Amino acid sequence: MGSKYTKRYTEEFKRDAIALVDSSGKTVTAVARELGISSESLRGWYRRAKADQGEGKSGELTSVEREELKRLRKEVREQQQTIEILKKATAFFVKENDR
């Protein structure tokens, strides 16, 4: 997906990094520097974790909600395609019966 230089971190590493921010009283930037990761990455993980705990900004979706939204959007797309096919089929059969 991303560039070939993007490191993949385990969920455990992310949890530990987030816990370190919470427990150390240090800034996200300071903790990220100590761990040798980008502060943007850690800030993203931190925000997502807070949202998942219901402590995010209002209106921010949890991971579960994001997954459900993705699933529902896919379902709607598939249903719309099915409806289009059925419309075409119906039009075809109506024409056939008019002969």
Side-chain angles (χ1 to χ4, degrees):
M1 281 257 199
S3 78
K4 62 183 174 195
Y5 301 109
T6 306
K7 286 201 197 89
R8 304 296 294 155
Y9 297 102
T10 65
E11 288 306 312
E12 187 184 11
F13 178 84
K14 292 177 185 179
R15 271 197 306 275
D16 291 347
I18 291 159
L20 196 55
V21 173
D22 282 336
S23 63
S24 67
K26 293 178 180 157
T27 64
V28 166
T29 309
V31 172
R33 194 178 303 123
E34 283 176 16
L35 295 175
I37 58 178
S38 85
S39 54
E40 288 82 33
S41 292
L42 182 52
R43 195 166 289 111
W45 303 341
Y46 191 80
R47 262 205 304 268
R48 184 159 295 155
K50 291 301 158 203
D52 288 351
Q53 292 162 15
E55 298 170 25
K57 295 189 202 97
S58 70
E60 201 163 353
L61 298 178
T62 65
S63 294
V64 171
E65 289 168 329
R66 265 197 309 279
E67 279 309 305
E68 185 184 16
L69 188 58
K70 205 157 57 176
R71 183 182 61 74
L72 290 172
R73 283 179 175 156
K74 183 173 182 261
E75 211 172 278
V76 167
R77 254 195 326 274
E78 289 168 359
Q79 288 172 350
Q80 285 168 337
Q81 290 170 338
T82 302
I83 289 167
E84 285 309 306
I85 291 167
L86 291 172
K87 278 183 188 170
K88 288 174 186 161
T90 304
F92 173 77
F93 289 120
V94 166
K95 250 187 262 161
E96 287 291 299
N97 288 337
D98 284 348
R99 289 189 174 166

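Residue indices begin at 1 and follow the sequence shown. Quantities reported herein were computed from a predicted structural model and do not represent experimental measurements.
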CG on L35 to OG on S41, rounded to 0.5 Å: 11.5 Å
Distance under 6.0 Å and angle within 45° of ring axis: K50 vs Y46: yes
Distance-only polar pair, side chains of S63 and D52, donor-acceptor under 3.5 Å: yes
Nearest heavy-atom neighbours spanning V21 and V28: CG1-CG2, 4.0 Å
Closest heavy-atom pair and its distance - L42, I18: CD1-N, 4.4 Å
Approximate separation, where rounding is to 0.5 Å, of E84 CD and Q81 CD: 9.5 Å
Criterion side-chain contact (heavy atoms from CB on, under 4.5 Å) on T82 and L86, from CA distance to verdict: CA-CA 6 Å; T82 302; L86 291 172; 4.1 Å; yes
Value rounded to 0.5 Å, distance of CD in E65 from OG1 in T62: 3.5 Å
SB check R15 E12 (cutoff 4.0 Å): no
Heavy-atom side-chain proximity of F13 to T10 below 4.5 angstrom: yes
Nearest non-hydrogen partners of A17 and V31, listed with the distance: O-CG1, 4.1 Å
Shortest non-hydrogen contact from S39 toward A32: CA-CB, 3.6 Å
Any donor-acceptor N or O pair under 3.5 Å, side chains T29, R43: yes
Closest approach of Y9 to K14 (non-hydrogen atoms, all atoms of both residues): O-CE, 3.6 Å
Atom CZ of R73: over 12 foreign heavy atoms under 6.0 Å: no
Separation of K74 NZ from L69 CG (nearest 0.5 Å): 14.0 Å
Spacing of CD belonging to E68 relative to CZ belonging to R66, to within rounding of 0.5 Å: 12.5 Å
Rounded distance (nearest 0.5 Å) linking atom CH2 of W45 with atom CD of E40: 11.5 Å
